[in-house]
Structures are given as structure tokens and as C-alpha cells.
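What follows is a short report on a single structure.
Just so it is clear, the structure is predicted and the values come from calculations on it, not from any experiment. For the numbers below, each heavy atom of this structure counts, side chains included, while hydrogens, waters and symmetry mates do not.
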Amino acid sequence: MLVALDGIRRLSTPAATTGGQNSIAQKAINPFAIEYGMQSPPVTLPEGVIAGGLPQSLAISEEQVLKFEEDGVIMIKGAMKPWVEFLRAVTQHQI
């Protein structure tokens, strides 16, 4: 193992084609090229949802409330169904 002038341990000598700098830092992401700020994916919200508006209401039964109090969790089938396509599209936009 070698220790180069830049202090990085290597298993081999630095490559001659890179001017003696064969470090991981040289290949790292450039933090100045990263974009910061609000993201606005070109995806429409589910029907009836207004950006910045009040949260959607969901009617649950007294039985579901009791089950939640007893178990600490309940499954509400279909509650996220309107959001599935939106979440897929936003995820695809991020990739």
C-alpha cells in the first residue's frame, strides 16, 4: 500500500494520465453543480386536491377508531388509491 502526496492510501501508484492525481475526491460530485430549491415536477395533483389547500378529509367509522385505539394501527383500504399514480409520476420525475 502506498500513501500519496495528497495523503490518500492507494493499492497502486497514481495513474500517469491524470497528472498524478488518482483520488476519489477528484471523481466526487461537484457540490457547486447541485441545484437547490423548490421542486416543481410536471405532474398534476389527484382530482379534488388543491396545492397549499386544506388536507383531504377521510371518513372513518367508530369501529376503526376503536381498533386504532386498541392496536395502534389500522388499515384503511383504498385511502391512498387517488395518490398512487401521482406518487409514481413524481418518483419517475426524480429518477
Side-chain angles (χ1 to χ4, degrees):
M1 184 174 334
L2 303 169
V3 177
L5 294 175
D6 59 5
I8 296 176
R9 288 185 263 178
R10 297 186 179 87
L11 297 176
S12 62
T13 58
T17 57
T18 59
Q21 294 182 2
N22 189 21
S23 69
I24 295 172
Q26 182 184 18
K27 300 173 186 175
I29 295 174
N30 180 356
F32 299 106
I34 297 174
E35 295 181 25
Y36 298 95
M38 296 297 293
Q39 300 179 17
S40 298
V43 179
T44 57
L45 289 168
E47 187 177 334
V49 177
I50 300 170
L54 295 173
Q56 291 178 290
S57 62
L58 178 66
I60 57 174
S61 67
E62 186 63 32
E63 180 183 330
Q64 290 172 312
V65 172
L66 293 173
K67 188 75 170 162
F68 177 75
E69 289 174 348
E70 181 182 318
D71 298 340
V73 64
I74 59 172
M75 181 173 62
I76 305 173
K77 292 184 179 184
M80 293 297 295
K81 192 171 185 174
W83 286 93
V84 172
E85 191 54 42
F86 171 79
L87 294 171
R88 277 188 190 137
V90 170
T91 302
Q92 185 62 37
H93 173 75
Q94 294 297 319
I95 296 173

- Of all heavy-atom pairs between L45 and A51, which one has the smallest distance, and what is that distance?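 Shortest heavy-atom separation between L45 and A51 comes out as CD1-N, 3.6 Å.
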- Item | For Q64 against A59, the heavy-atom pair lying closest together |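 In this case the closest contact between Q64 and A59 is OE1-O, 4.5 Å.
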- Query: Tell me, which pairs form a salt bridge (charged side-chain N to carboxylate O under 4.0 Å, His left out) where one or both residues lie in residues 48-62, sequence neighbours left out?
  - Reply: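 Salt bridge (charged side-chain N to carboxylate O under 4.0 Å, His left out) check on residues 48-62 returns no pairs.
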- Query: CG of L58: more than 12 outside heavy atoms within 6.0 angstrom?
  - Reply: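 Enclosed: over 12 neighbouring heavy atoms sit under 6.0 Å from CG of L58.
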- Scan for side-chain hydrogen bond (donor to acceptor under 3.5 Å, both in side chains) pairs involving residues 42-51, sequence neighbours excluded, and state none if there are none.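 Qualifying pairs: none.
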Please output the side-chain donor-acceptor pairs of residues 69-86 that fall under 3.5 Å, not counting sequence neighbours, one pair per line with the distance.
from, atom 1, to, atom 2, distance (Å)
D71, OD2, K67, NZ, 3.1
W83, NE1, Q56, OE1, 2.9

